[in-house]
Every structure is written in structure tokens, then in C-alpha cells.
Number of protein chains: 2
Amino acid sequence: MPSNIMQQISADLESLNRSERKVAEVILADPQAATRSSIAVLARAAQVSEPTVNRFCKRFNTAGFPDFKLHLAQALAHGVPYVSRSVEPDDDSESYTNKIIDATIAALVTAKKTVDPQTINLAVDQLIQAKQIMFFGLGASWPVAQDAQHKFFRFNIPVVAYDDVLMQRMTAAASSTGDVIVIISYTGRTRELVDVAELARASGATVVGITAPNSPLAQHCSIVVEVDAPEDTDVYMPMTSRIMHLTVIDILATGVTLRRGPDFLKHLKNIKDSLKETRYPAK
Amino acid sequence: MPSNIMQQISADLESLNRSERKVAEVILADPQAATRSSIAVLARAAQVSEPTVNRFCKRFNTAGFPDFKLHLAQALAHGVPYVSRSVEPDDDSESYTNKIIDATIAALVTAKKTVDPQTINLAVDQLIQAKQIMFFGLGASWPVAQDAQHKFFRFNIPVVAYDDVLMQRMTAAASSTGDVIVIISYTGRTRELVDVAELARASGATVVGITAPNSPLAQHCSIVVEVDAPEDTDVYMPMTSRIMHLTVIDILATGVTLRRGPDFLKHLKNIKDSLKETRYPAK
DNA sequence: AAGAAATTACGTAAATTTATAACCTTTCCA
DNA sequence: TGGAAAGGTTATAAATTTACGTAATTTCTT
């Protein structure tokens with residue numbers, strides 16, 4: 001079944017014959033309308049016969065016209081564009097707001113397919129029994145590392161986060177079996193972090209990478225949580241990548257929480273409640 | 001037209017009469033299957049007559065059964081869950097991985113409806129002409145503030161981020177007209193930050209809040225970007241909220257970039273390219 | 001509180017719309 | 001000129017919807 005039928009149609013437009021192309025054009029012109037039309041209405045709009053529309057549908061691996069409409073509807077769902085359009089110079093605020101949210105959603109949908117629960121499980125295995133956990137990140141990944149530290153301190157395991165390359169090197173070199181070092185890097189190609197991973201493993205620590213598959217960094221980790229975001233080329237700033245990394249952090253933190261068992265939830269609640277004093281009461 | 005028909009069905013379940021509830025239950029049990037069934041098959045499964053199914057569909061503001069299926073298909077598209085189920089104690093890694101990603105996506109879908117592009121525009125107006133920008137956040141919002149700092153330094157405006165309450169107070173007190181202070185707080189009820197907002201406004205600075213609508217903090221801001229996430233009660237850790245805040249940061253940064261015009265993209269590219277030296281080449 | 005009236009719930013059957021299969025005509029190329 | 005290939009016509013089957021009637025439930029009397 002086609003993952004996105006709109007893309008398919010525009011891609012295959014060339015290879016269609018005359019009448020079927022008419023159908024394709026009518027659909028592409030107003031896909032929303034197509035989902036609401038009957039085969040008769042659509043055929044008339046494209047000035048072809050009904051069976052032609054039906055044959056067109058089957059060409060795209062759908063059971064028939066109703067099934068085709070279902071696929072079309074899915075492709076149009078959420079107003080998420082069938083190809084997440086990138087931000088254009090003359091977009092207004094509404095336009096770029098929606099585009100960015102769409103792109104982020106699209107990235108997470110991809111992440112859902114990419115992230116391997118087995119690997120998560122392995123990583124949680126290590127984290128749960130760590131003597132000490134260290135989160136390393138540079139640049140845009142540094143806030144991610146800090147966020148992780150902010151989550152994991154709750155587990156009563158010594159946790160630190162460093163963005164200072166020298167501290168990272170020294171800590172990695174000084175680490176030992178039972179320590180877990182989590183390195184967060186979008187590209188996985190930052191030399192410094194690859195070095196750090198090597199150092200850490202040489203010292204006997206477990207290195208968990210949250211990074212791109214098959215990257216130099218990935219090759220030096222004990223466990224790699226693969227996050228394969230499309231390059232954020234649009235405006236030259238890391239956007240969706242770090243959101244995906246944060247989501248991985250959430251998943252790992254949840255995994256550890258669950259392993260700790262139900263009693264541990266009380267502990268978490270205490271931590272949360274400790275903030276009450278600092279706040280105005282909820283209305 | 002219902003924004004998400006699955007939510008509607010589960011919400012209205014109570015108010016349905018006996019036969020229609022049977023239909024609802026069959027659909028909720030396996031919505032995917034429902035989209036592929038004919039009205040006859042569905043009626044049989046629910047042990048009701050076909051017109052009952054049809055009436056059920058119309059009750060949800062759809063034209064009829066086929067139209068209903070279309071809405072259903074849209075609600076199920078992308079694997080986005082209609083209600084994000086919360087993590088259960090005996091979930092395995094696959095299960096909680098998917099649940100967390102789903103919850104994050106659901107939050108963003110909500111954000112898309114909640115975030116007001118007009119307000120974004122106003123905030124960008126202020127940011128673009130700021131003499132100086134300051135990002136303040138505490139706890140889980142501190143990494144968000146840092147991330148913002150990491151984005152906004154590219155704009156050649158002095159940008160700082162503080163998580164130290166005393167520094168925040170002092171900076172707020174010392175600020176003046178033309179300074180923009182962005183305060184990030186999920187609840188909007190942290191006393192310290194409300195104080196800081198008051199101080200800053202008294203000094204003449206513009207205060208942009210990224211926080212909950214109608215919160216105490218919101219009341220003391222010049223501009224409020226409203227982010228109304230459902231409480232992350234599940235495991236007592238902030239998860240989706242900060243992702244939404246980061247997305248708002250992305251949107252603001254994009255808005256500023258676009259205002260700067262096309263030449264500015266070259267500048268951004270230069271910054272990005274400056275990292276080349278530190279990396280292994282892409283394969 | 002009993003029973004009549006009215007409303008609502010829901011099924012049967014018929015009507016209508018919609019989709020598909022089977023078959024036929026045209027076109028165009030070898 | 002034979003024969004694919006494309007596309008239309010007709011016929012049929014399937015699915016959906018409307019119309020209507022009966023049973024069940026609620027509401028209103030007295």
C-alpha cells in the first residue's frame with residue numbers, strides 16, 4: 001500500500017495515458033473535493049468515463065474507487081501537507097507557524113518508525129544499573145543533555161551533564177565499568193565527541209549514543225539509539241532534530257521509571273509536590 | 001465538521017442510545033477495520049440494522065456512511081492516536097515508546113490549533129527591533145531558554161539566558177525600553193517569574209511570556225504566546241510541555257529570520273559552515 | 001399511580017445511488 | 001489490414017439511503 005498516494009500520483013503523472021492523466025489532474029487540482037465526490041462526478045469533471053476512473057484507482061494499488069478515496073483522505077489528514085512544504089521567504093506568520101509545526105509532527109511520525117524499542121530496552125538495561133550517568137552534548141544538543149540531566153536526577157543516581165569538551169574528555173577518561181555515558185549528537189560526525197566515545201569505552205564505561213545511524217560516532221558506541229532526521233536545511237538551524245532527541249530522552253526516562261516499579265511513582269510525586277511552595281495555586 | 005471524530009465518539013458515548021452505542025463500541029474496538037467495512041458488515045458486527053449505522057453516522061455531522069468513513073480514515077491517518085493513552089506499569093518498551101511519541105504528536109496537533117499566529121507576529125515585531133534579548137526559564141524550562149539563546153545569538157543581537165533567579169531579578173530590574181525579556185514557564189504560576197515579569201515591565205522592558213493562558217504570569221506580560229498543554233500527569237515529569245515551548249522558539253526564530261530578508265540566510269549558512277572543521281565529512 | 005398520548009428507537013423493505021464487470025468500438029502502429 | 005491498447009457503453013451487482021411501521025419508552029393527565 002502506498003505510503004502517500006498524493007506523492008505517488010504526482011510522481012507517476014508522466015507514465016499515465018491521456019485519459020488517466022486527466023483524472024490525475026482533476027484530483028491534484030482539488031484533492032479535498034475528490035474525496036467527497038462520487039465516481040460519476042469525478043468522471044464528469046475529468047471528462048472521462050467512470051470505468052476509466054476506476055482503472056485509474058487500481059493502477060495505484062487500491063481495491064477500487066472507495067478504497068482510493070480512503071487513501072486520499074488519509075494523505076490529506078490533519079492538514080499536514082503531503083510533502084511538508086518548507087518555509088518560503090514571503091510566508092506570513094500563520095503560514096510559517098503551521099509549516100514548522102507540521103514539519104515537527106512529520107519528524108516524529110518518522111521517529112516512530114525509526115526508533116527501535118529493542119535498543120531502547122538495552123539502553124534502559126544499562127541506565128537502570130548505572131553507578132553514574134553522564135550526558136554529553138555540544139551546540140544545539142547541549143540543552144538536550146541538560147534536559148536529560150534534569151530528568152534523571154530524580155532516579156537517585158549521580159547524574160551530570162557537560163558541554164565543556166575538556167570536562168567531557170577528562171570525565172570519559174576517568175570513567176570505569178558501571179558508568180554510563182550518553183552522547184547526544186545529531187550528525188554523529190563531531191570529532192570531539194567521537195574521541196570522547198573512544199576514550200570512555202577504553203575506560204570500560206558503557207557509551208550510549210543518540211545519533212545518526214552509521215555515523216562515525218555510532219560506530220564507537222556500545223548502544224546506538226538511531227535517530228535519522230532529515231537534514232534541517234531550511235533555515236540552517238537545528239529544529240526537528242533536537243525535538244526527536246528530547247523525545248528519546250523522555251522514552252528512556254519512562255523506561256527507567258517503569259523498571260523502578262510502582263513505589264517509585266510516590267517518590268516522583270514528592271519531587272513534583274516540592275515545587276508547590278514556589279507557585280501560585282491553580283485557579 | 002468534527003476535528004477528530006474518534007474523540008467525538010468516545011466523548012459522546014454516554015449520550016448515545018443502546019443500539020448506537022453498540023455501533024460506537026465496534027468502531028472504537030477496531031477503527032481501522034471499520035474504515036474497510038461496508039455498512040452491512042459493520043451493522044452485522046454491531047448486531048444492529050443498517051439504517052441504525054447510518055443514523056449513527058449522521059449524528060456526528062457527516063453526510064452518511066461513506067463520508068463518516070472518510071472522517072474516520074483521517075482521524076487514523078499518520079498513526080496519530082485519537083486519544084493518547086497513558087503509559088501503564090506493565091508496558092513493554094515498544095508500547096511505551098509508541099505511547100510517548102504519540103502523546104508528543106498529539107500535543108503538537110493541539111498546539112497547531114492553540115498557538116495564535118497574530119501573537120507570534122507581535123512577538124516577532126518586538127524581537128526584531130530589540131536592543132537586547134533575555135530568555136528566562138527555571139527547572140525544565142531552563143534548557144528551553146538555553147536552546148533559544150543558542151538560536152537567537154545568530155541574529156547579531158545581544159542575547160543572554162539565565163536560570164539563576166537572582167540574575168533574572170537583577171537583569172529585569174536593570175532593563176529598559178527596547179529590551180525584550182522572554183519568560184518561559186509551563187504553569188505560569190511560579191512566583192519568582194511573575195515577580196521578574198513585574199520588575200521588567202516596571203523598568204520599561206517588553207515581556208514576552210511563553211506560558212499557560214490566563215495564568216498569573218500571563219497577566220503580567222506585554223505579549224503572551226499561549227501554550228495550553230494538558231498536564232503531564234503520567235509520570236510526574238514535564239514532557240510534552242517543553243517540546244511545545246521549543247516549537248514556539250523555532251517559530252519565533254523563523255519569524256525573525258524571514259523578517260531579516262534573504263541576504264541574512266547567507267549569514268546563517270556561514271555560521272553553519274563554520275562547524276565543518278570540527279566534523280568528519282559526510283559519507 | 002394507572003393509563004393514555006406522545007415521543008423516540010429501531011427494524012423491514014423498497015428505492016436509489018454508486019461502483020464494477022463484461023463487452024464493444026475506435027485508434028494507431030507495425 | 002491485423003491486433004494491441006485505450007477508452008467508452010451497457011448491464012449488473014452491491015451498497016447506501018429513504019420511507020414507513022411497529023415496539024418501546026417517556027411524559028402527561030386525572
Side-chain angles (χ1 to χ4, degrees), chain A residues 1-2 5 8-9 11-75, chain B residues 1-2 5 8-9 11-75:
Chain A
M1 75 191 123
I5 205 151
Q8 289 245 351
I9 296 173
D12 296 3
L13 200 64
E14 299 308 310
S15 66
L16 295 172
N17 39 38
R18 199 162 54 260
S19 295
E20 291 185 342
R21 191 169 316 172
K22 283 194 227 167
V23 178
E25 277 159 9
V26 170
I27 291 171
L28 290 174
D30 190 350
Q32 276 294 343
T35 60
R36 292 185 217 297
S37 315
S38 74
I39 196 168
V41 170
L42 193 66
R44 189 132 30 82
Q47 302 195 291
V48 299
S49 70
E50 297 173 25
T52 299
V53 176
N54 203 276
R55 283 189 280 259
F56 171 87
C57 296
K58 292 192 171 169
R59 204 170 280 263
F60 289 95
N61 300 317
T62 62
F65 185 68
D67 188 40
F68 177 84
K69 284 204 291 188
L70 239 53
H71 282 270
L72 200 56
Q74 299 220 347
Chain B
M1 81 191 116
I5 205 151
Q8 289 245 352
I9 296 173
D12 297 2
L13 201 65
E14 299 307 310
S15 66
L16 293 174
N17 39 41
R18 200 164 50 258
S19 296
E20 292 185 343
R21 192 169 315 171
K22 282 195 228 166
V23 178
E25 276 158 10
V26 169
I27 292 171
L28 290 174
D30 191 351
Q32 278 292 345
T35 60
R36 292 186 218 296
S37 315
S38 74
I39 196 169
V41 170
L42 194 66
R44 190 133 28 83
Q47 301 195 291
V48 299
S49 69
E50 297 173 23
T52 298
V53 176
N54 201 273
R55 282 188 283 260
F56 172 87
C57 297
K58 291 192 171 170
R59 206 168 279 261
F60 289 95
N61 300 316
T62 62
F65 185 68
D67 188 39
F68 176 84
K69 285 204 291 188
L70 241 52
H71 282 270
L72 200 56
Q74 299 216 340

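From a predicted model like this one, the values you see are computed outputs, not experimental measurements. Order of the sequence lines sets the chain letters (A, B, ...), proteins ahead of strands, with each chain counted from 1.
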Check whether any side-chain heavy atom of [X] sits under 4.5 Å from a side-chain heavy atom of [Y], and report yes or no.
X: Val23(A); Y: Leu16(A); answer: no
X: Leu42(A); Y: Phe68(A); answer: no
X: Asp12(B); Y: Phe60(B); answer: yes

Given [N], is OP1 or OP2 found less than 4.0 Å from the side-chain N or O atoms of [X]?
X: Thr52(A); N: dG8(D); answer: yes
X: Ser19(A); N: dA6(D); answer: no
X: Asn17(A); N: dG7(D); answer: yes
X: Lys58(A); N: dA21(C); answer: yes

Candidates [options] - which lies nearest the side chain of [X]:
X: Pro51(B); options: dT17(D), dT9(D), dT12(C); value: dT12(C)
X: Arg18(B); options: dT10(D), dG7(D), dC10(C); value: dC10(C)
X: Pro66(B); options: dT20(C), dT17(D), dT9(D); value: dT17(D)

Taking any heavy-atom pair under 4.0 Å as a contact, classify Ser38(B): base, sugar-phosphate, or nothing. sugar-phosphate

Rounded to the Å, how far apart are [X] [atom1] and [N] [atom2]?
X: Phe65(A); N: dA15(D); atom1: CZ; atom2: P; answer: 16 Å
X: Leu70(A); N: dA19(C); atom1: CG; atom2: P; answer: 13 Å
X: Gln47(B); N: dA9(C); atom1: CD; atom2: C1'; answer: 17 Å
X: Ile39(B); N: dT18(D); atom1: CD1; atom2: P; answer: 11 Å
X: Asn54(B); N: dA15(D); atom1: CG; atom2: C1'; answer: 11 Å
X: Glu20(A); N: dG7(D); atom1: CD; atom2: C1'; answer: 9 Å
X: Arg59(B); N: dA9(C); atom1: CZ; atom2: P; answer: 6 Å
X: Arg55(A); N: dT20(C); atom1: CZ; atom2: P; answer: 12 Å

Where Pro31(B) and Leu72(B) come nearest, the two heavy atoms and their spacing: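 Shortest heavy-atom contact: O-CD2, 3.9 Å.
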
Can you see which heavy atom on Ile9(A) is nearest to which on Ala24(A), and at what distance? CG2-CB, 3.9 Å

